[in-house]
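Just below is one structure, and these are the notes that go with it.
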Amino acid sequence: ENCLVILRILWLLVMLVVINHFISCGWYAIGMLDGHGDHWTQKFTEQDTLAYRYATSFHWSVTQFTPASMEVTPVNVLERFYNIVAIFFGLLMFSSFVSSMTNSMTYLTKINYEKRQQRTTVRRYMTDKN
């Protein structure tokens, strides 16, 4: 049972990373669109690798789910709209994530408490019968 709860927690973490991956890819794609004036990706230089650009986008995405800050901000209407949608989605996802984690940890605590109670009862029985 403990393993199932731990697997559930790991699954939640993996899903959080996957969701942030897609949001960060969307953020980068919107930043690369032409025709909307300035865009946030203009801060990159030719020397910035794709890995650095992805890490920056992923970092931005994670900050939309948590109360963290980031130097990357939207600079046009499309980016700002995407940012607002990401913030609301992040609020819902982060709240659900915290709730699920709390439920899982409470369940683990309950299981361990019940096991301790059973061991204590068996020890007490064994002590009384000797």
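Atoms considered below: every heavy atom in the structure, side chains included; atoms not considered: hydrogens, waters and symmetry mates.
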Between [atom1] on residue [X] and [atom2] on residue [Y], distance to nearest 0.5 Å:
X   : Y    : atom1 : atom2 : value
R80 : I30  : CZ    : CD1   : 13.0 Å
L12 : L7   : CG    : CG    : 11.0 Å
S99 : N103 : OG    : CG    : 4.5 Å
L16 : T66  : CG    : OG1   : 9.5 Å

Applying a strict under-4.5 Å side-chain criterion to I, L, V, M, F, W and Y, I'd like to know whether [X] and [Y] cluster together.
X   : Y   : result
M32 : F44 : yes
I19 : F97 : yes
V17 : L92 : no
V72 : L33 : yes
L78 : W40 : yes

**Report entry** Qualifying residues under side-chain contact (heavy atoms from CB on, under 4.5 Å), relative to V98, sequence neighbours excluded
**Finding:** F94, T102
Report task. List in chain and number order the residues that pass side-chain contact (heavy atoms from CB on, under 4.5 Å) with S96, two or more places apart in sequence or in another chain; answer none if no residue qualifies. Result -> none
Ignoring hydrogens and angles, write down the donor-acceptor pairs under 3.5 Å from the side chains of residues 52-65, residues two or more places apart or on other chains.
from	atom 1	to	atom 2	distance (Å)
R53	NE	D48	O	3.4
R53	NH1	Y28	OH	3.3
R53	NH2	T45	O	3.1
Y54	OH	H21	ND1	2.8
T56	OG1	Y52	O	2.9
S57	OG	R53	O	3.1
S61	OG	N20	O	3.1
S61	OG	N20	OD1	2.7
T63	OG1	W60	O	2.6
Q64	OE1	N83	ND2	2.7
Q64	NE2	W60	O	3.1

Name each donor-acceptor pair under 3.5 Å that joins a side chain in residues 114-128 to protein atoms two or more places apart or in another chain, with its distance.
from	atom 1	to	atom 2	distance (Å)
T120	OG1	R116	O	2.8
T121	OG1	Q117	O	2.8
T127	OG1	R123	O	2.7

Could you tell me whether the side chain of [Y] reaches within less than 4.5 Å of the side chain of [X], counting heavy atoms only?
X    : Y    : answer
M105 : I9   : yes
R8   : S100 : yes
D38  : N76  : no
L91  : I87  : no

Requested in this report: Determine yes or no for a side-chain-to-main-chain donor-acceptor pair under 3.5 angstrom, with Y82 supplying the side chain and V77 the backbone.
Outcome: no
Report summary line: Tightest non-hydrogen contact, residues I23 and A86, listed as CG2-CB, 4.4 Å
**Report entry** Residues that, via side-chain heavy atoms closer than 4.5 angstrom, fall in one hydrophobic cluster with Y113
**Finding:** none
Query raised in the report: Given a cutoff of under 4.5 Å between side-chain heavy atoms of I, L, V, M, F, W and Y, with clusters grown through shared members, what are the other residues clustered with F81?
Result: V85
Query raised in the report: Are E71 and K43 close enough, and set up right, to give a side-chain contact (heavy atoms from CB on, under 4.5 Å), and what steps lead you there?
Result: CA-CA 11 Å; E71 73 274 3; K43 71 178 227 85; 4.3 Å; yes
